[in-house]
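Down below is the structure, laid out as structure tokens.
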Amino acid sequence: MSPEAAFPVVRDVDRVRRLVALPDVKPALLEKLARATVAMVGMGGLGCGSAPYLAAAGVGRLLLIDPGRVAASDVGRQVLYGPQDVGRLKVEVAAERLAQQSPELAISCEPVVLGAENAAALLAGATVVLDGLDDGRARDVLNAWAVRGEQAAPVIFGGALGYEGQVTVVPPGGRPCLACLFGSVADAPAECSVAGVLGPLVGLVGALQAAEALKWILGVGQTLSGRLWLMDLFSGASRVVPMPRRAACPVCGAGGG
Amino acid sequence: MELKLNGSWRETPELATVGALLDHLGVTHQAVGVLQNGQVVAREAFDAQPLHGRDELEIVRFVGGG
């Protein structure tokens, strides 16, 4: 039996039918999606929560950056991976799953650590960057990259630990950037092997990051630039806190180098 | 003194600075963002930034996991 007979053909027009039904999404905007490259920096819980929605929506290319391999303790919340994948590179397994989901999607894999020395080269060509990291130092690198504005691309930051999650967007050039409110986040608590993490939390934060990415690419809605969306699944509470620009910010303000 | 902390009014002992408030609340100074009446207080200024009754503060911990 040919593949065409085994599986109904999902045409592009079918994939985006519900998207273009949204009041602000004009069919002409879909070309922006098809041309977009989203760089996924980290393919842990947040990456697993966001990448499938980007693939499903018709984003043209995903760049998966993560040096890690699937561990048994990842399988309970990183939903692109199963027991048969333990020991394999996350980017390779994720690329296989996402290609099944969206055969026309272009996927590139970089199984390396992102750092100050390679960020510009790795992220060249990105339309949007999604932070799926669990390392504050690398987040500082991503924040500085967004502020330099080389690609005119935002970084959609996300974080999840315990029951608490948060999302914000740093636009190209910053003002505000992550450091306006937090300074360096290199010492932020990140170790879920210590604090634990509720599995659906990473999916929730990842899905919100995907939503912000799609809004940015399509140019619809209000992004979370200048705002931090906080959620606490323990109490079931959520709030949005302003993230104003800080004139003396050491990264995007007068304190910057 | 009366302070609005993360949206709720609370009564606290008299505290001189933002840093003293964080210590009173048991909040470490690492990767914490503070807004005082809508203005960012830089981390290096926590211990010098004066606190006044009726101040409205947002204290946000950066969540690093992913």
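Below, chain A is the first sequence line, B the second, and so on; all start at residue 1.
Taking chain B as the reference chain and counting heavy-atom pairs below 4.5 Å, the highest number among A:D131, A:V185, A:L161 is found for A:V185. Chain B forms more heavy-atom pairs under 4.5 Å with one residue of A:Q78, A:Q166, A:R245 than with any other, namely A:Q166.
In this structure, chain B has no heavy atom under 4.5 Å from any part of A:L201. Proximity to chain A is limited to the backbone of B:V32, based on heavy atoms less than 4.5 angstrom apart. When heavy atoms are compared at a cutoff of 4.5 Å, A:V241 approaches chain B solely by way of its side chain, counted from C-beta outward. If you measure heavy-atom distances from A:C180 to chain B, the contacts under 4.5 Å come from the backbone alone. With a 4.5 Å cut-off on non-hydrogen atoms, B:Q30 touches chain A through its backbone and its side chain both.
Atom CZ of A:R88 sits in a crowded spot, with more than 12 heavy atoms from other residues, nucleotides or ligands closer than 6.0 Å. Atom OH of A:Y163 has 12 or fewer heavy atoms from other residues, nucleotides or ligands within 6.0 Å. By the 6.0 Å contact criterion, CD on A:E117 is enclosed, its count of non-hydrogen atoms from other residues, nucleotides or ligands being greater than 12. Around the CD atom of A:Q222, the shell of radius 6.0 Å holds no more than 12 heavy atoms that belong to other residues, nucleotides or ligands.
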Show, in sequence, the C-alpha distance, side-chain angles and deciding distance for A:R239 and B:N6, and conclude whether the side-chain contact (heavy atoms from CB on, under 4.5 Å) test is met. CA-CA 9 Å; A:R239 62 199 179 99; B:N6 291 357; 3.1 Å; yes
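If you take CG on A:D187 and CZ on B:R43, they are separated by 5.0 Å, rounding to the nearest 0.5 Å.
Residues B:A31 and A:F182 share a closest heavy-atom pair of O-CD2, 3.9 Å. The two residues B:V40 and A:P244 have their closest heavy-atom pair at CG2-CG, 3.6 Å.
A heavy-atom distance below 4.5 Å is found between the side chains of A:L181 and B:L35.
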